[in-house]
Every structure is written in structure tokens, then in C-alpha cells.
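Every chain is numbered from 1, with letters handed out A, B, ... down the list of sequences.
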Amino acid sequence: MDNLQAIMPMLIVTLAAAATMLAESFRLKDERMPLGGLGLIGLVGAAAASILLWNRNTTSFGVVQSDNFALFINFVLVAVGILTILLSSQVIDREELPAGEYYSLVLFSIAGMMLMAAATDLLLIFLALEVMSLAVYVLTGIRRTDAAGTEAAFKYFLLGAFSSAFFLYGVAFTYAIVHSTRLEAVALAVAGRSDVSGPLTWLAVGLLLVGFAFKVSAVPFHMWTPDAYEGAPTVVTGFMSTGVKAAAFAAFVRVFLSSFEPLRGEWVTVLSWIAVATMVVGTVVGVAQSNVKRMLAYSSIAHAGYLLVGIIAGNASGKSAILFYLLAYALTNVGAFGVTALLATRERPRGDLADFAGLWHSRPVMAALMTIFLLSLGGFPPTAGFVAKWYVFGAAVQEQLYGLAIIGVLTSVVSVFYYLRIVVLMYMTDSRAEYEPPRLTATGLATLGVAAATVFYLGVLPARVIELATRSIDTIF
Amino acid sequence: MSSLLSLVIFLPLIGAVALLFISNRDGERDGLIRQVALAASVVTFGATLALWRGFDPMGPEFQFVERRPWIPIYGIDYYIGIDGISLLLIVLTGFLTPLALLSSWGSIKKKIKEFSIFMLLLEAAMLGVFAALDLFLFYIFWDAMLIPMYFLIGIWGYDRRIYAAIKFILYTMAGSVLMLIAILGLAFVHSSATGNYTFDLLKLYELKLAPTTQMWFFLAFTLAFAIKVPLFPFHTWLPDAHVEAPTAGSVILAGVLLKMGTYGLVRFSFPLFPEAAMVFAPWLAGLAVIGIIYGALVAMVQPDMKKLVAYSSVSHLGFVVLGICAVNVQGVSGAVYQMLNHGVSTGALFMICGMLSDRRHTRLISEFGGLKSVVPKLTAAFMLITLSSIALPGLNGFVGEFLILLGAYRWDWRFATLAASGVILSAVYMLWMFQRVNYGVVTNPKNEHLPDMSTREWWMLGPTLVMAVVMGVVPNLFLRPMEPAVERMVQRVQAGQTRTVRAEPGAAGTQAFGPADPEARAPRP
């Protein structure tokens with residue numbers, strides 16, 4: 001039983017997913033069933049388990065470690081999951097999605113994400129990555145009748161499978177060098193030997209890097225992002241842009257800042273260029289988008305760049321900054337996609353920028369919520385986004401990485417331009433008469449309201465969460 | 001009361017939150033909302049006056065200090081306090097906001113609730129900027145201020161408002177993010193020197209920086225402030241923002257926001273990086289003098305009176321920067337005085353532009369003419385403000401410009417001489433505009449039946465008229481509270497310089513002479 005402690009959170013989520021699937025199959029044809037409720041129970045259970053495991057640093061089977069780092073990511077994922085499920089019910093009705101499959105896929109992928117953050121073996125990371133990704137591929141194409149959704153899912157799947165292969169190759173080469181896939185064994189071997197530097201090591205590190213860069217959508221491995229984000233149902237986009245990113249970054253940090261830390265000299269230059277390219281492409285190309293979902297896709301690319309700056313800084317505040325950033329970004333981005341999702345109608349599912357025109361006049365509350373999320377994405381105080389950016393760039397400045405920090409802040413000014421484009425449309429242009437945006441439901445309002453309030457809370461009183469993030473990294477590094 | 005200063009900052013915020021709860025779906029409670037907003041700002045003004053009453057010029061450097069830990073791990077505190085300079089700017093902010101709100105009663109007709117909320121949020125952020133003694137806190141207020149201003153310009157502005165709003169926010173942000181990096185850098189240098197992080201301004205004043213570090217940080221800070229001032233050649237956002245903003249927005253923009261740039265120079269750029277400041281002061285002063293003359297010349301040929309006033313701001317703020325660059329007591333106190341003057345008289349000029357454009361829906365000078373016989377009271381008020389703006393002795397503008405020129409002359413007579421030509425040019429463009437608008441016969445029939453000043457307009461313009469006279473006749477009322485603060489700033493810059501050049505850390509208090517030109521930089525009040 002002791003062996004199971006560390007995997008309790010993911011176990012609970014998996015059970016909830018299975019229960020949801022079973023419940024769906026026992027459902028009568030026209031019976032309405034609160035399937036999402038099962039998911040919520042599972043997620044709350046996972047959160048409770050994570051709280052109980054806090055500071056205990058338990059290990060299961062030698063390959064899953066629920067240290068505070070993984071648990072912090074669990075909290076982020078639980079928040080993302082709860083927000084997604086609450087926002088989904090309306091969309092599922094509107095788009096006539098299969099509710100049971102939908103919720104269980106969300107839960108399965110969350111289980112995969114949690115496992116990915118806690119895994120301490122490269123092979124297990126790969127397995128978790130696949131559990132997470134397969135569920136997300138299916139979620140992307142869950143609107144089977146929709147050509148764009150299917151196309152997006154197919155693209156995402158093909159490129160994703162490709163990058164998984166890269167990752168697996170990286171694992172294989174690592175095994176060839178150190179004869180183990182356990183992270184601590186890799187760390188020991190890499191730290192202890194002076195002859196590790198060589199073509200084989202480069203291949204191992206490089207291939208793993210490509211695998212991670214793909215999952216966090218860093219340039220030049222970002223090509224799938226805009227298409228997949230645009231084609232997927234908008235709530236799913238919000239889910240995958242935050243959950244997948246959090247899990248992938250968690251594993252990225254674990255692998256590169258502990259096991260491969262001694263090889264820092266080998267990968268830090270490459271990663272710096274990737275970060276610069278990611279920040280620049282994410283912001284500059286984002287300016288030219290006319291669809292909100294594509295625009296937010298590029299914004300998520302840019303944010304991946306800022307997170308990479310935290311990895312490159314690699315110091316204590318860089319690591320805790322990544323945790324804080326992931327939390328802030330998750331709440332904000334799920335919120336922004338949530339508003340976009342709730343604004344869509346059956347006739348206009350795409351989220352054209354023009355649909356936001358004059359929203360302030362017809363739906364002032366939604367416009368205000370969207371503005372809060374956009375300002376946070378743009379990094380304005382007093383929102384979570386500002387503290388997150390301040391934290392990451394502060395870590396970079398500590399390591400004297402002034403160049404990266406300056407590129408970071410300047411690109412975030414560019415990104416402000418496109419975030420404000422939506423604000424301009426909402427507040428400063430007249431609405432188009434023929435389009436009546438749907439009303440906000442009570443659940444939607446409550447969910448988004450809580451997200452917005454948390455965004456402010458993290459922006460005004462971040463001390464407690466910063467402290468949690470700081471303590472989260474003590475255990476593993 | 002120990003938390004009076006916090007109260008001043010948060011009163012407008014409380015007002016804004018209260019407004020949020022007044023339902024006003026179809027504008028049926030516009031009147032109530034206007035009154036609540038005005039009341040909130042008047043109470044805030046009263047509280048700023050209470051600050052002034054409780055302020056002891058001879059007391060400790062920073063008063064009404066409040067300090068609470070905020071993000072302890074990184075040494076960030078909620079740390080506020082005021083000296084004489086920030087006190088006066090806080091009072092100015094409190095003074096102008098109710099007037100700006102009043103000025104909007106005639107021109108803002110839609111979405112009054114949101115307008116008032118943004119105005120009050122803006123006021124809170126501005127007050128916070130002047131009170132913050134922690135650099136992190138300062139930056140939060142500094143950046144937070146952009147959002148309400150952006151909405152004020154973008155929603156309630158004139159035709160090209162969206163362009164102007166975006167230009168305003170992007171320009172200002174581009175400058176301030178580099179300052180953010182410099183702030184982080186400062187905290188980092190402090191932690192590597194002493195082992196702990198701090199964003200405490202007073203502790204960072206003590207920090208000894210290498211000359212190159214100083215230079216880069218100075219440039220990063222100063223770029224942010226120069227854009228805000230705006231110093232030539234970073235001024236191009238200003239005419240757009242001013243012309244497109246609603247009257248209330250222009251009043252606040254010119255009256256308070258621009259002062260944040262010059263306040264930043266006085267509070268941060270110069271004392272934090274004294275050595276770099278001395279290296280760059282002549283360059284800054286050069287740009288300031290170019291701005292003085294260029295702004296005046298461009299103002300002269302503007303057909304639109306709001307644009308004319310906007311360019312005149314470039315010129316006037318050039319004087320302020322020149323005074324700061326002189327780093328002597330006359331120059332700096334003149335600069336601070338001129339900040340107040342410019343707030344009062346340019347604020348009033350924008351209100352007058354607003355009043356004329358409310359009446360005629362145009363701001364082109366050529367559309368007017370002969371207003372003296374139609375609206376004699378308005379013309380008289382206009383006259384007084386015009387004279388104050390061109391620094392007629394006996395009115396406020398004179399004191400500031402005189403002190404600045406005196407200070408500049410003691411530093412480097414060439415800058416003073418060139419800047420003095422700006423005084424003459426300002427008389428040319430202001431009087432010429434005044435003459436074209438008010439004198440002569442009424443040529444445009446639309447002008448024949450304009451209404452004269454209403455009671456509300458007296459209430460909004462009157463206080464500025466009184467202040468223009470009071471500040472011209474009894475300047476000591478304002479110079480006395482700021483004097484110790486100005487002396488400290490001058491000493492800090494010069495001592496810091498001595499300290500780094502001669503490596504004598506103990507010389508701060510006793511040795512007040514700069515190394516290069518002791519005669520010119522001696523702080524003799």
C-alpha cells in the first residue's frame with residue numbers, strides 16, 4: 001500500500017475517468033447525467049491527495065516521485081481541469097459532443113500529465129507523454145463532422161507521433177551512454193564521467209530537447225500549434241494550451257535541470273536561441289492573425305519562450321518562477337479561451353476577431369473578464385501575468401542574462417499590441433448588428449469570475465504562492 | 001494618523017469600487033454617478049491637504065511612512081512615504097482630478113459610469129507613483145496607470161482615438177519595460193553586494209555601482225522617463241494623445257502624467273546613478289533645449305489650438321528637464337515649481353480648449369475670432385491663463401522659469417541663453433493664438449451667440465485662476481516645503497559623484513562640491 005501513495009493523485013483521476021466512461025455506457029438514451037460531476041469529484045480528490053502528500057516526498061515503484069514539485073504541478077492541473085470541465089458543459093450541449101468520452105478523455109489526459117510531472121524515469125515520462133497526448137489528439141478531433149477539427153487532429157497526431165519518436169530515440173541514446181533510464185542514474189553517470197561529451201551525448205540531449213520543444217511548442221517545432229488550436233473545440237484548446245504545457249515543462253525542468261544539469265554547457269546555447277526565436281516568432285507572427293484562437297496560439301508560443309528563459313536561467317528563482325508562471329498562465333489562458341468558447345454559437349464557432357466588435361455594449365461582463373485575462377497575458381500589473389513575467393525575467397537578470405531579459409520584455413510589448421487589438425474591438429468599435437452573442441450562464445460567470453479573481457489575487461498578493469513555489473523546488477534540485 | 005497616505009491612495013479606489021455597484025444600464029443614474037465620482041475626488045483632495053498640514057518641512061526626509069512586508073522572499077515591501085517634492089505633486093493630483101471630472105460633465109455623454117471609474121483608478125495609480133518608495137511598488141503603479149488612460153483616450157476620445165491610444169500605450173511601455181530590467185538589475189547588484197534582495201529606494205541610494213553599470217541603468221531609467229516627459233525626440237506620442245483625448249484626459253495627461261517623467265528623473269535617475277547622471281546631464285539638457293525651441297516653433301504654426309497647447313507642453317517640460325540637469329538648488333526647485341505651474345496653467349488651457357470645442361465642436365483657431373465681445377468672462381479667464389503660461393511676472397509661470405534659468409545659468413550659461421529664447425517664443429505663439437481667437441470682429445456667424453461661462457465652468461476654471469495668482473505672488477508657500485527635499489536631492493547627486501570619483505564614502509554629508517566644476521555646482525540655496 002505504501003507503494004501506491006505517490007501515485008494516489010493520478011490513480012484517483014484515472015478512476016474518475018473510468019467511472020465516467022462506465023456511467024456513460026449505463027446511461028439511457030435521453031437521460032441527462034451530470035457526468036462532469038464525476039470528473040470534478042475526481043479532481044478534488046486528487047487535490048486532496050496532493051495536499052496530504054505535501055512535504056512527504058513519497059516514491060512509488062522507484063519511478064514515480066510525488067515531491068512538492070510534482071504536487072505543485074498537480075495543483076495547476078487540477079485548477080485547469082476543474083475550470084475546463086465547468087466551462088465544457090455548455091459547449092457539449094451546443095456542439096452535441098459525446099459527453100462521456102469527452103470528460104473521460106480530459107481526465108485520462110490529466111492523469112497522464114500528472115504522471116509526466118512526477119515520473120523519474122525517462123521511459124515512464126515517455127509513457128505518460130503518450131497517455132496525455134493520445135487523449136488530447138482525440139479531444140482535438142472530437143467534433144467528428146467538422147472538417148477543420150479532423151484536419152487539426154490529424155496534423156497534431158502526425159507531428160506529435162513524429163516528435164514522440166524523437167523523444168524515444170533520445171531515451172535510447174541516453175540508455176546507450178549510461179545504461180539506465182532512471183533520472184538519478186543518468187545524473188550520477190553524467191556528473192561522474194568526464195568523457196560523456198561527444199556525438200552520442202549530443203544526439204541524446206538534442207533528441208530529448210526536440211521532443212520537449214515540440215510539446216511546449218517552441219520555435220521551430222511550433223508549426224502544429226496554430227492549426228491544432230484553431231481546429232479543436234475552443235474549450236479543448238484552452239485545456240491543451242495550459243495542461244499540456246504545464247506537464248511538458250515540468251518534465252523538461254526535471255530532466256534538464258537535474259539529470260542533464262552537468263551538461264549545461266552543451267545545451268544552454270541551443271536552448272537560448274530556441275527561446276529567442278520562440279519569443280520573437282510568437283509575438284511578431286501573432287500580430288498578423290485575424291482569428292482569436294490562432295492569435296492566442298501564437299501568444300502561447302510566446303509564453304513558452306518566456307518559460308524557456310526560466311529554464312535557461314536555471315537558478316532557484318528560475319525554477320520556482322516556472323512554477324508560478326505555469327499557474328498564472330494556466331488560469332489566464334483557460335479564462336481567455338473560456339470567454340471565447342462561451343461567445344461562440346453554433347453558427348459562428350470559429351472565434352473570428354470581428355465577433356468581438358462592440359462586445360462591451362452587448363455583454364459588458366464578458367468584455368470585462370476578457371480584458372482582465374488579456375491584460376494578464378500582456379503582463380500588466382496588478383495581474384498574475386505581471387508577477388510571472390517579473391519573476392522569470394528577474395531570474396534571468398540574476399544570471400546576468402540581460403540580453404534574454406531585454407528580448408523578453410520587448411517582445412512582450414509587441415504582444416501587448418495584439419492583446420489590445422481585441423480590447424480595441426470590444427470597447428472602441430461598434431457592434432455588428434446581425435450578431436447577438438449568447439448570454440453568459442451562471443456557471444460560466446462563476447467559473448470565469450473565480451479565474452479572474454485569482455488572476456488578481458496572484459497579481460496583488462503573490463507572496464504566499466511564491467513561497468509555495470520556492471518550497472516546491474527544494475525537494476528535487 | 002499613521003495610514004493617512006495609504007488612505008489618500010486608496011480613497012479614489014474606494015470611490016471606483018462604489019461606482020461599480022451603482023447600476024446604470026440606460027444612463028438613468030448619470031447624475032448620481034457624476035456626483036459620487038466628484039465627491040470621491042474632492043474628499044481625496046481634502047485628504048491630500050491634510051497631508052500638507054501634517055507635513056513638517058524640517059522633519060525627517062520621508063514622512064507619513066508606511067511599511068508592510070509584501071513579498072518577503074525578494075525583499076519587496078509595501079513601502080510608501082513622501083517628501084516635499086512628492087507632497088506637492090500629490091496635492092496637484094488631488095487638485096486637478098476633481099476639476100477634470102467637472103470638465104467632463106459637459107462633453108462626456110456616454111458610459112459615464114465607466115468613465116468615472118477609469119478616472120478614479122487613474123488618480124489612485126498616479127498618487128501611488130508619487131508615494132512609492134519601493135521600486136517594485138513604484139513600477140506597479142507606473143504601469144497600472146497606463147490601462148485607465150488607454151481606455152479614456154480610446155473610448156471617449158476624438159476621431160483618431162484608437163490610433164492615439166495604442167501609440168500612447170506602446171510608446172510608454174517600450175520605455176518602461178527596460179526600466180523594469182534595470183530595477184531587477186539594481187536589486188540583483190544589491191543582493192550580490194550585501195547578500196539580500198531589496199527594492200527599497202533608500203537602501204539602493206546607498207549602493208555603490210560600477211561606472212558602466214550606472215551608465216546602462218541610468219539610460220534604461222531615463223529612457224522610460226524621457227518618453228513620459230516627453231523629451232525631444234521621444235515626444236511624438238504626445239500631440240496625438242493630447243489631441244485625441246477627451247478634455248478630462250488631456251487635463252490629467254498634461255497636468256499630472258507628464259510630471260511623472262520629470263519626477264522620475266528627480267527621484268530615481270539622478271540620485272540613484274549620480275555619476276552617470278553627470279556624464280549625461282549635458283546631453284539631456286541639450287535635448288531639453290532643442291525641445292524648448294522646437295516645441296515652441298511647432299506650436300506656433302498649429303491650426304488646432306489643442307495641438308498648439310500640446311506642443312507648448314513639449315517646450316515647457318523642456319524647461320523642467322533643463323532645471324533638473326543643472327543639479328543645483330535653484331534649478332531643481334525651479335523645475336519642481338514649473339511642474340506645478342504647468343499642471344495648473346496647461347490643465348486650465350486644455351479646459352478652455354474643451355469649453356470652446358464643446359460650444360463649437362471645432363478646435364481650429366481660424367474658426368474663432370472676436371470672442372471677446374461675445375464671451376467676455378471666458379476671454380478674461382483665457383487671458384489670465386495665457387499670461388501665466390508665458391510667465392508674466394506676478395503669475396506662477398514666472399517664478400518657475402526664472403528659477404530654472406537662474407539655475408541653468410549658474411551651471412552653463414549657454415544652455416540658459418538658448419532656453420531663454422523659448423520664453424520669448426512662448427509669448428509669441430500664445431499671444432498670437434489668443435489674439436486670433438479673441439480679438440478682432442466676429443467673422444464667423446456661428447460665434448455670435450455663444451454662451452459665456454456657466455457656473456460649473458467657473459467652478460472648474462476658477463480654482464486654476466486663483467492658483468495661478470497665488471503661486472505667482474506667494475511662491476514661498478510652495479517653495480518652503482520642497483526646499484529641504486530639493487537640497488537633499490542635490491546633495492545626494494553631488495555626494496554620490498564625489499563618492500564614486502574620489503572613492504570617499506564618508507564624504508556624503510560634508511563634501512558637497514562636485515569634482516569637475518565646483519563653482520557651478522555648489523548647492524548654495
*Are there more than 12 heavy atoms of other residues, nucleotides or ligands under 6.0 Å from atom CZ of A:Arg264?*
yes
*If contact means a heavy atom pair closer than 4.5 Å, which residues of residues 111-133 of chain B contact chain A?*
B:Lys111, B:Glu114
*Could you tell me the separation between the CH2 atom of B:Trp216 and the OH atom of A:Tyr402, rounded to the nearest 0.5 Å?*
12.0 Å
*Take B:Tyr139 and A:Phe386 through the ring-ring contact (aromatic ring centres under 6.0 Å, His included) test and state the conclusion after the steps.*
CA-CA 11 Å; B:Tyr139 189 84; A:Phe386 170 73; 5.7 Å; yes
_Whether the side chain of B:Trp70 engages the backbone of A:Val460 through a donor-acceptor N/O pair (distance < 3.5 Å, no angle test) should be reported._
yes
*To the nearest 0.5 angstrom, please state how far the CD1 atom of B:Ile166 sits from the CE atom of A:Met428.*
7.5 Å
*If you look at every heavy atom in B:Pro72 and A:Ala463, which pair is closest and at what distance?*
CD-CB, 3.9 Å
_If I take atom CD1 from residue A:Ile406 and atom CG from residue B:Leu180, how far apart are they, to the nearest 0.5 angstrom?_
11.0 Å
*Contacting moiety of A:Thr383, where chain B heavy atoms sit under 4.5 Å*: neither
*chain A: which of B:Phe151, B:Phe136, B:Phe188, B:Trp156 shares the most heavy-atom pairs with it under 4.5 Å?*
B:Phe188
*asked:* Using heavy-atom distances under 4.5 Å, tell me whether B:Ile73 contacts chain A through its side chain, its backbone, both, or neither.
replied: side chain
*Can you list the residues that meet the side-chain contact (heavy atoms from CB on, under 4.5 Å) rule with A:Leu440, with sequence neighbours excluded?*
A:Leu342, A:Val365, A:Met366, A:Leu369, A:Leu445, A:Leu448
*Who wins among B:Ala174, B:Ser192, B:Ala187 for the most heavy-atom pairs under 4.5 Å with chain A?*
B:Ala174
*Segment of A:Leu461 engaging chain B (4.5 angstrom heavy-atom cut-off)*: both
*Looking at OH of B:Tyr150 and CZ of A:Phe380, how far apart are the two atoms once the value is rounded to the nearest 0.5 Å?*
8.5 Å
_Reported OH-to-CD1 distance for the pair A:Tyr427 and B:Ile162, which is rounded to 0.5 angstrom_ = 14.0 Å
*Where on B:Phe141 is there a heavy atom nearer than 4.5 Å to chain A: the side chain, the backbone, both, or neither?*
neither
*Side chain / backbone / both / neither for B:Ile76 at chain A, heavy atoms under 4.5 Å*: side chain
*asked:* Please classify the contact of B:Tyr78 with chain A as side chain, backbone, both or neither, using a heavy-atom distance under 4.5 Å.
replied: neither
*Against chain A, label B:Trp142 side chain, backbone, both or neither, depending on which of its atoms sit under 4.5 Å from a heavy atom there.*
neither
_With a 4.5 angstrom heavy-atom cut-off, is it the side chain or the backbone of A:Phe417 that approaches chain B, or both, or neither?_
both
*Part of B:Leu170 lying under 4.5 Å from any heavy atom of chain A*: both
*Should the heavy atoms of other residues, nucleotides or ligands under 6.0 Å from CZ of B:Arg67 be counted, would the total exceed 12?*
yes
